[in-house]
Each structure stands twice: as structure tokens, then as C-alpha cells.
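Please see the structure below; I have some questions.
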Amino acid sequence: MSGKKKRKGSKTIVNIVLGVICFIWLLPTLGLFISSFRPAADILQTGWWKAFPHQEWKAGETLQLSKDVDLREPIEVNGKTYTDDQLKAGVKADGSRLMWENRRARTINQQEQGWKVTPDLTLDNYNNVLSGKEYKLKQADGSETVQKGTGLSQAFWNTLTIAVPATVIPVLIASFAAYAFAWLRFPGRRTLFVIIIAMLVIPIQVALIPVLKDYTALGLNGSYLGIWLAHTAFGLPLVTYFMYNFISQLPKDLFESAFMDGASHFTIFSRLILPLSVPALASIGIFQFLWVWNDYLVSLIFIGNQPSVQVMSMKIADLVGSRGNDWHLLTSAAFISMLMPLAIFFLLQKYFVRGLMGGSVKG
């Protein structure tokens, strides 16, 4: 009984800690989601929690003081004295709040607290992000013209065009390489594997300039092929290591039986390895896709910042404007950029844990 109580207590503590961690992570996400539907003026003036019913001070009766009141001395209001600084910040008195309404005119507002609901939710932020915000421009002759900005639609398709091949190519190549390192015997196998693993510790920033020079010489800079190759090269070490850990733990008897039946290495890989490795492929595919989808630096270096080839991360950064006047659009743009990664994750989630655990138990 004592052991059961201890296990139950430990499980309860773990659940509480996990619940707190989830709450800490979900709270700002909830705030961002609510803010994405709030008007720009509300976002700039109040916090996202003001969208829920809350108590707020409302303007009430106006108290007129004598014009001769010296603000440097204690100020008497309703039989009590307050300082000028207290009235500037607002001071509570008998369930109400006293606050300067017009300091020069010596008027004080006696505010009452009440419940307020601000259900002003709108889709304007999403409309401006998707289809482009309208800007009013004043011409030299005094007339005004309306110009519509570019939305996220083109950047969304650009990012999808980059992310899908940049995920499939390295995962497929790494699967071939992992199979070779795990089950084939050839000269220099261990040396090559160590070199690939060593590439994990090399920052990609170190390779950007040399690769960019080669791309310029080969004419690959600014093309989709160039960015696919760059993401493939930068992602291969981790994907290869991950797939090796999974494939190397598959039962040896499986391969011996296949060889006895006359199967070639390609047949074994396509008919046995790939079907058995679906959980691992899905798991590392999610990581690679998320990294490419959220990438800013590599895309900026190898494909550029032109509107026709901009990716989501670049376009979202541009939404803020040069003076930061449209930063409220980031709330809706952030959730639009999250749709595709979330869809990929939920589609492959049943394989995710199985893939992460793959290779942890042998046999």
C-alpha cells in the first residue's frame, strides 16, 4: 500500500508539473489568437484579456474645485485631502476613484467601477493579411488614391514550393544513406559516418558565404533548385543520424531471410525498410518541414527578398512596416503561418511518438 501511495503521489506531481508547463505555453498562444481578431485600436490600447468581461472604471460625477486651489498643497475633496500626484494616478475613496478630469480647470472625475464587455471582434486583420492592406496616398495635386498592398497568398505558395521538396529530398537521401551505413559493408564506412555526424556541430552561418559564391558562379542563386539543394545539404546530417538509429535496430533475421529469397538491396530497401520506417520518416519529416517552413536566413541568402519569391517569414516581417505601424497584423499572420505545420503534425501525429521511440529498444 505504501508503494502504491508513493507511485500515485509521484504521478500526481508529474501531472501537475505537465499541466503547469502546458498552461504556461498555451496562455500566450491564447492571447495571440484573441488579439488576431481584435481591432487595431483595441490592440494598441488594451491587453488581450480585456476582450473578456472585466471590471473597469467608468466616468461618473464631475467635482468642481475652487479656482484658487494650490496644487502644491494637500487638496481637499469630499472632506479628505490628497496630493496632486495621487489625483494624477487615481486614488480610491469610498468605493469610487478620484482622478483629474481637467487639472487646469480644477475638475475631478469621481469614477465608479462596473462590468464591461468588449466583444468587438473583427476579421479585418485576416483580410488585410491575406488580400493586402489598403493605403491612402496623397498626390501632389491634393487628391487621394487608394493602393492595395500584397497579401500572404503568394508567399504561402512560395514557402510550400520550397518546403515540400526540401523535406522529401533530404529524408529520401538520408534513408538510403542510413541503410548503407547500417547494413552494407564497404571501405571507409565508419569514417564517412563520423564525418557526417561531425557536420552536426558546424553552424550553417559558416557555410553561407562559400556556398553563395559557388551558387553565383553556377547561376543557382535566386532559384528554387538552389534553395532545395541548400536545405537538403544543411538537413542531411541530422536526418541521416536519426534514420540510422532507427534502421540499424531492425532485426537482422529480417535481412537474412530476404537475402536467402534472392532479394537485392534495392528490393529490401523499397519493400522492407521503407514500410517499416514510416514512423521514423514521419517524425523526422515533421522536424525538417518545420525548420524549412519557419526559415528566414537561408531563404533570404539563396532566394532573395523579391515579392515574387518571398517566403512567409520574410513577408510577415515586412507586414510590420518600416516604422512598425502595422505590428498588430502580426497576430493574424502568425496564425496563418501556423496552419500548414499544424496540419502536417496532426496528420502524422500517430507516427510521431513511435518514430521518436524507434531504435530505443532492440529486437
Using a 3.5 Å cut-off and no angle test, enumerate the donor-acceptor pairs between side-chain atoms of residues 228-239 and protein atoms at least two apart in sequence or in another chain.
residue : atom : partner : partner atom : Å
W228    : NE1  : T161    : O            : 3.2
T232    : OG1  : W228    : O            : 2.7

List in chain and number order the residues that pass side-chain contact (heavy atoms from CB on, under 4.5 Å) with P39, two or more places apart in sequence or in another chain; answer none if no residue qualifies.
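Partners of P39 by the side-chain contact (heavy atoms from CB on, under 4.5 Å) criterion, ordered by chain and then number, come out as D42, D120, T122.
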Measure the shortest side-chain to side-chain distance between W293 and T167 over non-hydrogen atoms and say whether it is less than 4.5 angstrom.
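W293 does not reach T167 side chain to side chain.
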- Message: Other members of the hydrophobic cluster containing L18, with the 4.5 Å side-chain heavy-atom rule, please.
- Response: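 Traced through the cluster, L18 reaches V14.
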ask   = Taking only residues two or more places apart in sequence or in another chain, which ones pass ring pair (Phe, Tyr, Trp, His ring centres under 6.0 Å) with Y224?
value =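 Expected list: none.
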When the side chains of residues 330-344 are checked against the rest of the protein, which donor-acceptor pairs come out under 3.5 Å, sequence neighbours left out?
residue : atom : partner : partner atom : Å
T331    : OG1  : H328    : O            : 2.8
S332    : OG   : N125    : O            : 3.4
S332    : OG   : L329    : O            : 3.2
S337    : OG   : A333    : O            : 3.4
S337    : OG   : A334    : O            : 2.7

Would you call S313 and D295 a side-chain contact if the rule is heavy atoms closer than 4.5 Å?
->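 Answer no - side chains too far apart.
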Counterpart residues, side-chain contact (heavy atoms from CB on, under 4.5 Å), relative to T62 (two or more places apart):
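side-chain contact (heavy atoms from CB on, under 4.5 Å) list for T62, sorted by chain: E101, T107, N109.
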Could you list the donor-acceptor pairs under 3.5 angstrom formed by side chains in residues 187-209, with sequence neighbours left out?
residue : atom : partner : partner atom : Å
R189    : NE   : L184    : O            : 3.4
R189    : NH1  : F181    : O            : 2.7

Contacts of E112 that satisfy side-chain contact (heavy atoms from CB on, under 4.5 Å) - sequence neighbours left out: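 side-chain contact (heavy atoms from CB on, under 4.5 Å) list for E112, sorted by chain: S96, Q110.
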For Q113, check side chain to side chain donor-acceptor pair (under 3.5 Å) against everything at least two apart and list the hits.
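Not a single residue meets the side chain to side chain donor-acceptor pair (under 3.5 Å) criterion with Q113.
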Sequence neighbours excluded, which residues qualify as side chain to side chain donor-acceptor pair (under 3.5 Å) partners of R72?
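Partners of R72 under the side chain to side chain donor-acceptor pair (under 3.5 Å) test: D70.
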Pairs meeting criterion ring pair (Phe, Tyr, Trp, His ring centres under 6.0 Å) with involvement of residues 75-102, two or more places apart
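Found none.
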Other ILVMFWY residues reachable from W25 by side-chain steps of under 4.5 Å:
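Its cluster partners, ordered by chain and number, are L26.
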*Using a 4.5 Å cut-off on heavy atoms from C-beta on, say whether the side chain of R38 contacts that of K50.*
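Sidechains of R38 and K50: in contact.
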